[in-house]
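Residue numbers count from 1 along this sequence.
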Amino acid sequence: MTTALKPAFVFDVNRCVGCRACEMACVHVNQLNIGDLPASGSWREVRTFNELLVPGVEKLHLSMACNHCEDAPCMAQCPARAYSRDEATGAVLIDPDRCLGCRYCAWVCPYDAPRFNEALGVMTKCTFCVDRQHEGLEPSCTLSCPTGALKFERRDIGTLSQEVAGFAQASTRPAVAIMGLEPARRLPRTHVPGVTPPWQVLWQRIIPRVTFRHEWPLALFTWLLAVMTGLLAGAISGRVTLDWRLFLAAGVLGMGLSASHLGRKSQAWRAPLHGNRSWLSREILLATAFLATATLGLTPISGADGWLRAGLYSGLVCLLAVDMVYRVGVIRGSGPLHSAHTLMTGLMLMGAAAGDLWILVPLALLKLVLFWTRQWNRRRLGLTAPRPLGVARTVATLAGTALLGGIIGPIWLGFSLLALGEFLDRARFYDELEIPTPSSLMLDGMPRT
């Protein structure tokens with residue numbers, strides 16, 4: 001049985017001189033559709049490993065665009081089903097009429113291929129020059145390479161290798177083969193005792209793709225889901241009285257905030273269409289189910305208790321989906337468990353509202369340990385870790401826990417302080433979250449080299 005050969009990029013690191021002719025060719029061929037191109041002007045980008053010429057570390061260039069993966073995460077996770085594949089060429093394409101501009105495909109792509117077009121409010125990316133391929137021509141970038149570093153060939157996708165700094169090993173079966181450095185080009189290792197590694201300094205200069213300032217509506221929405229789940233547990237226990245109209249209004253406000261960051265808000269209705277694969281679609285579906293069932297449970301109808309419990313369960317699963325959406329990012333100095341994860345926050349606030357100290361106290365202390373461990377690790381790495389925020393978060397958590405423990409003060413004040421501490425941590429979560437890109441992976445590869 002013969003294996004089908006498919007179009008693929010072939011890149012030889014040893015031949016690339018960083019002239020960026022491939023970038024210019026991308027711009028030239030797509031200039032008639034210049035509105036679709038990213039702000040940089042090209043869907044292909046040449047990135048340099050060891051641009052600062054650190055002694056004892058090789059310098060190399062890596063020309064990257066969309067790799068049109070066999071198991072493309074952008075296609076799997078797009079909530080609007082805006083991605084499709086051209087079967088003849090294997091090209092992964094975006095339908096701008098379906099795209100809602102949520103940018104999540106840029107988060108899940110390990111190669112930084114999808115780019116947001118501010119003017120159009122949609123995502124764009126390399127098309128594999130699909131129209132040229134249908135005419136029997138090669139992609140423009142491969143034809144323009146003067147050194148033969150970038151080529152276009154038919155290969156068995158399952159056998160391709162990409163062992164080079166900056167290229168994520170993500171099991172997506174990308175349609176690109178990369179020849180790494182030859183032994184003759186490798187340099188001896190050097191180390192200067194007492195000198196701060198340059199990559200540690202450069203980590204601070206990584207341009208963040210996610211910040212609280214830009215994503216505050218999402219931060220408020222995800223925090224609000226955890227707070228509402230906690231209050232619902234209080235309503236079930238009889239310790240909290242909730243008005244269904246206020247609860248519904250808060251939920252609608254939160255979902256409205258989550259939609260406000262979309263590039264094309266008119267297409268927000270498409271967000272739940274990919275619930276069988278996309279965690280973002282699941283989050284929206286579960287948030288809707290949580291709001292609907294919980295609101296029914298809070299109204300004076302028959303079977304309200306059953307609806308309340310259904311709302312609580314759907315709320316917890318929704319918080320899990322929220323955490324799964326953000327698993328594509330990394331936070332330096334943190335382990336797999338983050339103090340601002342919404343499921344843990346929701347469980348802690350459930351214990352707080354229901355008066356269960358066996359849930360509240362251990363989770364509150366665990367969150368503080370995780371928070372301060374991360375703060376210490378980030379300072380050790382030379383990264384930002386604001387002390388005033390840490391103090392405010394700690395005081396709010398300890399004071400809230402003490403109040404809810406019945407030591408002093410009213411219960412509502414204790415819950416409010418706990419919720420405030422969690423919001424501060426959630427806001428910091430967005431400033432610490434890094435979506436890996438080839439450039440950041442190159443910096444990560446410096447210590448190993």
Side-chain angles (χ1 to χ4, degrees), residues 6-9 11 20 22-47 62-134 138-142 150 152 157 162 166-168 170 172-176 209 262-264 267 270 274 277-278 280 328 435-439 441:
K6 299 182 179 180
F9 291 119
F11 181 71
R20 304 185 185 276
C22 52
E23 290 184 6
M24 297 305 298
C26 178
V27 175
H28 177 70
V29 166
N30 292 287
Q31 61 183 343
L32 295 179
N33 301 314
I34 198 67
D36 294 338
L37 290 172
S40 62
S42 176
W43 284 315
R44 178 167 287 278
E45 184 175 355
V46 176
R47 307 176 192 244
L62 184 60
S63 176
M64 292 190 65
C66 176
N67 297 308
H68 303 277
C69 308
E70 286 279 284
D71 300 321
C74 55
M75 183 181 296
Q77 293 298 323
C78 173
R81 293 181 177 267
Y83 280 83
S84 62
R85 187 183 299 276
D86 180 71
E87 295 300 329
T89 63
V92 177
L93 306 172
I94 301 177
D95 184 345
D97 292 331
R98 293 186 174 188
C99 178
L100 50 85
C102 69
R103 304 172 177 86
Y104 192 55
C105 57
W107 288 23
V108 300
C109 174
Y111 313 113
D112 195 25
R115 308 292 176 85
F116 183 67
N117 186 301
E118 294 283 352
L120 300 177
V122 298
M123 303 302 294
T124 65
K125 57 179 282 298
C126 159
T127 64
F128 215 10
C129 282
V130 63
D131 293 337
R132 289 174 57 86
Q133 286 196 59
H134 286 166
E138 292 186 18
S140 60
C141 54
T142 60
L150 184 62
F152 180 73
I157 303 300
Q162 306 90 17
F167 196 95
T172 61
R173 294 200 293 169
V176 59
R209 298 169 66 184
L262 299 178
R264 297 181 67 203
Q267 294 296 310
R270 299 190 61 87
H274 209 180
R277 297 192 69 183
S278 171
L280 187 56
V328 298
I435 305 301
T437 66
S439 296
L441 292 175

### Task
State, yes or no, whether a side-chain contact exists between Leu93 and Thr127 at a heavy-atom distance under 4.5 Å.
yes
### Value rounded to 0.5 Å, distance of CG in Leu100 from SG in Cys78
6.5 Å
### Summary
Taking every heavy atom of Gln267 against every heavy atom of Asp97, the minimum-distance pair comes out as OE1-O, 3.6 Å
### Query
Roughly how far, to the nearest 0.5 Å, is the CD1 atom of Ile157 from the SG atom of Cys69?
9.5 Å
### Query
When rounded to the nearest 0.5 angstrom, what is the spacing between CG in Asp86 and CD in Gln133?
8.0 Å
### Task
Identify the heavy atoms of Ala170 and Pro110 that sit nearest to each other, and give their distance.
CB-CG, 3.7 Å
### Message
Tell me if a side-chain donor or acceptor on Arg98 pairs with a main-chain N or O of Ala80 at a distance below 3.5 Å.
### Response
no
### Message
Rounded at 0.5 Å granularity, tell me how far SG in Cys109 sits from CZ in Arg115.
### Response
9.0 Å
### Task
Walk me through it: do Thr124 and Ile94 pass the test side chain to side chain contact (heavy atoms under 4.5 Å, CB included)?
CA-CA 7 Å; Thr124 65; Ile94 301 177; 5.5 Å; no
### Message
Regarding Tyr111 and Thr172, do their side chains bring together a donor and an acceptor under 3.5 Å, going by distance alone?
### Response
yes
### Message
Checking the side chain of Arg81 only, and the main-chain atoms of Arg270 only, is there a donor and an acceptor separated by less than 3.5 Å?
### Response
no
### Message
So, taking the atom named CG in Asp131 and the one named SG in Cys129, what distance separates them when rounded to the nearest 0.5 Å?
### Response
8.5 Å
### Message
Go through it in stages, so that I can follow the logic: the residues are Phe128 and Phe152, the test is side chain to side chain contact (heavy atoms under 4.5 Å, CB included), and I'd like the CA-CA distance, side-chain angles, deciding distance and then a yes or no.
### Response
CA-CA 10 Å; Phe128 215 10; Phe152 180 73; 3.9 Å; yes
### Task
Would you name the heavy atoms of Arg44 and Glu23 that are closest together and state the gap between them?
O-CG, 3.2 Å
## Note on the structure
Distance col, row Phe167:CZ vs Met64:CE, nearest 0.5 angstrom, shows 5.0 Å
### Query
In terms of ring plane angle, is the pair His68 and Phe9 parallel, tilted or perpendicular, where the classes change at 30° and 60°?
tilted
### Query
So do His274 and Tyr83 actually touch side chain to side chain, heavy atoms under 4.5 Å?
no
### Message
Could you check whether any side-chain N or O of Arg20 sits under 3.5 Å from a backbone N or O of Val46, counting only pairs where one atom can act as donor and the other as acceptor?
### Response
yes
### Message
I'd like to check Ser84 versus Asp95 (side-chain heavy atoms, cut-off strictly below 4.5 Å). Are they in contact?
### Response
no
### Query
Which atom names give the shortest non-hydrogen contact between Ala119 and Asn117, and what distance separates them?
N-OD1, 3.0 Å
### Query
Which pair of non-hydrogen atoms, one from Ser439 and one from Arg47, has the smallest distance, and what is that distance?
OG-NH1, 2.9 Å
### Query
Mind checking whether Leu280 and Cys102 have side chains closer than 4.5 Å, heavy atoms only?
yes
### Task
Please report the shortest heavy-atom distance between Ala72 and Val92, naming the atom on each side.
CB-CG2, 4.2 Å
